[in-house]
Amino acid sequence: MNRQLIGDTIRLLQAEISPIAGIQLSLSPEEGEALFTAMEGYELEYSRKLHLMGIFIILVQAARRHMECAENHPDLVRSVLDGDYLYSFYLQFALKYRELDLVIHLAPFIKRQQIRRSHGDYAEQNLAAQIGQFLKAELKKKAHRKKC
Amino acid sequence: MKLQEALNIDIAEVNREIERLVTSDRDVPGGSPLATRILELIASGGKRLRPLMVIVGSRFGNKSIGRRTLQLAAAAEFIHAASLIHDDIIDDAKVRRGSPALHIKAGVISAVHIGNYMSARVIELLSKQARNKNRYVHDLSAVATAQLCIGEYQQMEHAYDYDITLEEYLEKSLNKTALLMATCLRAGALSAGSTEETADALYAFGESLGLAFQIQDDLLDFTQSSDTLGKPAGSDLRHGQVTLPVIYALQDPGLAPRIRRIGPGSSEADIEDALAAISGSDALARTEETCRRYLEQAADIAKQLSSYPAHADLMTLIHHFAGRDR
């Protein structure tokens, strides 16, 4: 199931990514594990999982491309550009699939990650946990609305 | 007269708003290397064309210019500045506005993430005010920046490509330069409550004006000194960028071989020879003529908006762009 979700998400992303960018996305089931865990217990529709996984993959890959940007990296130009494109593609993708609230939730997290990295702190941050927090808050909001 | 004076825009207020994007960020301590680098970059100058366009656009709405428009104007400059930081890495440019480029001062990986911070800060600020009814706000941080990247990919794909067509050149220029300007005008207008129709006309105006701007930039690379440009003259050709003057010069069978032999490993003498050949041909005059046609196109669109008092600002932009230093 998890493998299928990653495969379907990659196919969706590749269909929407600009062909001129020529970016090939990938994610191993192990890398997706944290997000699968974060999405558990929320009764999300398959299409929603697809969109959340899409956002996760784009952001992981964007950060990865920019982390490759060492002075003497042979593909430096490509890494800068791919990272830039993926960050803007993230927004386009999230807006298209009505995940603006998630964009708002993730914005400070992504910004702080950039701040840390600009200072030379390259420790991995838990993006999947952030998405999990968002889903929790969303569920709480829905439950509150029902009560009212 | 400076453009901001001709447009009656308080540029100091715009600059303060741009600085505030960093100084009001609680996650960035004042005096930190990140804050210092960004404030230095902002203080190093720049024409602030994009913020000016947001403000001009806002004059086509029915609301007076408020904080939201100013913040949008500052965000437009942040997006532009972030793209310049990354452009300098991509182009291996050592100098920006007469000073060492940011990646020279801070290192490549740090500069990449400083640029990312600027984009992420814009998203953080704007996404809150961009609920579905204000999606235009995201046109700045999503659509326009994606197009900037696509323009870069196209430029990379066509490096030293002496068979690039005029259409391919124009598409690249539209993506790299014109669409952000067009988006600034449109977003400014919608932020002040303009109609969609007016905002779309402003977008079309921005596309034509932006293309004229890019074509002039191509010309300046041939006609201005390194001191004025803040980078070596002729650097476009040196980096394999086949700009409009080169495209026109390539149509002259006598010149084409001298240009076509330029590649990544060409000698300085061969490059100087090609630059001199292009400068001595009619390619620059033809490029100017094309630029003028885009400015006329912009003027035609501006005429459609002549019922607005701010129509005069569009003409000011055209006159300013027509008179850029040669």
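Each chain gets a letter, A, B and so on, in the order its sequence line appears, and its residues count up from 1.
- Screening Arg116(A), Lys111(A), Arg117(A), Arg112(A) for a side chain to side chain contact (heavy atoms under 4.5 Å, CB included) with Tyr117(B), the sole residue that qualifies is Lys111(A).
- If you measure heavy-atom distances from Leu76(A) to chain B, the contacts under 4.5 Å come from the side chain alone.
- Note that OG of Ser141(B) is 14.5 Å distant from OH of Tyr87(A), once rounded to the nearest 0.5 Å.
- Ala123(A) meets the side chain to side chain contact (heavy atoms under 4.5 Å, CB included) test with Asp121(A), Gln125(A); sequence neighbours excluded.
- Ranked by heavy-atom pairs shorter than 4.5 Å toward chain B, the options Ile110(A), Ile115(A), Leu106(A), Val103(A) are led by Ile115(A).
- Contact check for Val77(A) versus Asp92(B): no side-chain heavy atoms found under the 4.5 Å cut-off.
- Counting heavy atoms from C-beta on, the side chains of Ile104(A) and Glu124(B) never come closer than 4.5 Å.
- Shortest non-hydrogen contact noted between Ser88(A) and Ala142(B) is CB-O, 3.7 Å.
- Annotation: the span from Leu81(A) atom CG to Ile90(B) atom CD1 amounts to 4.5 Å, rounded to 0.5 Å.
- In this structure, chain A has a heavy atom under 4.5 Å from the side chain of Asp25(B), while its backbone stays farther away.
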Legend entry - Verdict with supporting geometry, Val80(A) and Val108(B), side chain to side chain contact (heavy atoms under 4.5 Å, CB included): CA-CA 10 Å; Val80(A) 174; Val108(B) 170; 5.5 Å; no
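- Every residue meeting the side chain to side chain contact (heavy atoms under 4.5 Å, CB included) condition with Thr36(B), not counting sequence neighbours, appears here in chain and number order: Glu40(B).
- Ser110(B) places a side-chain N or O within donor-acceptor distance of the main-chain N or O of Ser118(A), the cut-off being under 3.5 Å.
- The residue among His66(A), Glu71(A), Gln113(A) with the most heavy atom pairs within less than 4.5 Å of chain B is His66(A).
- Within residues 48-61 of chain A, no residue has a heavy atom under 4.5 Å from a heavy atom of chain B.
- Within residues 143-161 of chain B, the residues having any heavy atom closer than 4.5 Å to a heavy atom of chain A are Val143(B), Thr145(B), Ala146(B), Cys149(B), Ile150(B), Glu152(B), Tyr153(B), Gln154(B), Met156(B), Glu157(B), listed by residue number.
- Between Tyr122(A) and His113(B), the two ring planes are tilted [angle within 30° to 60°].
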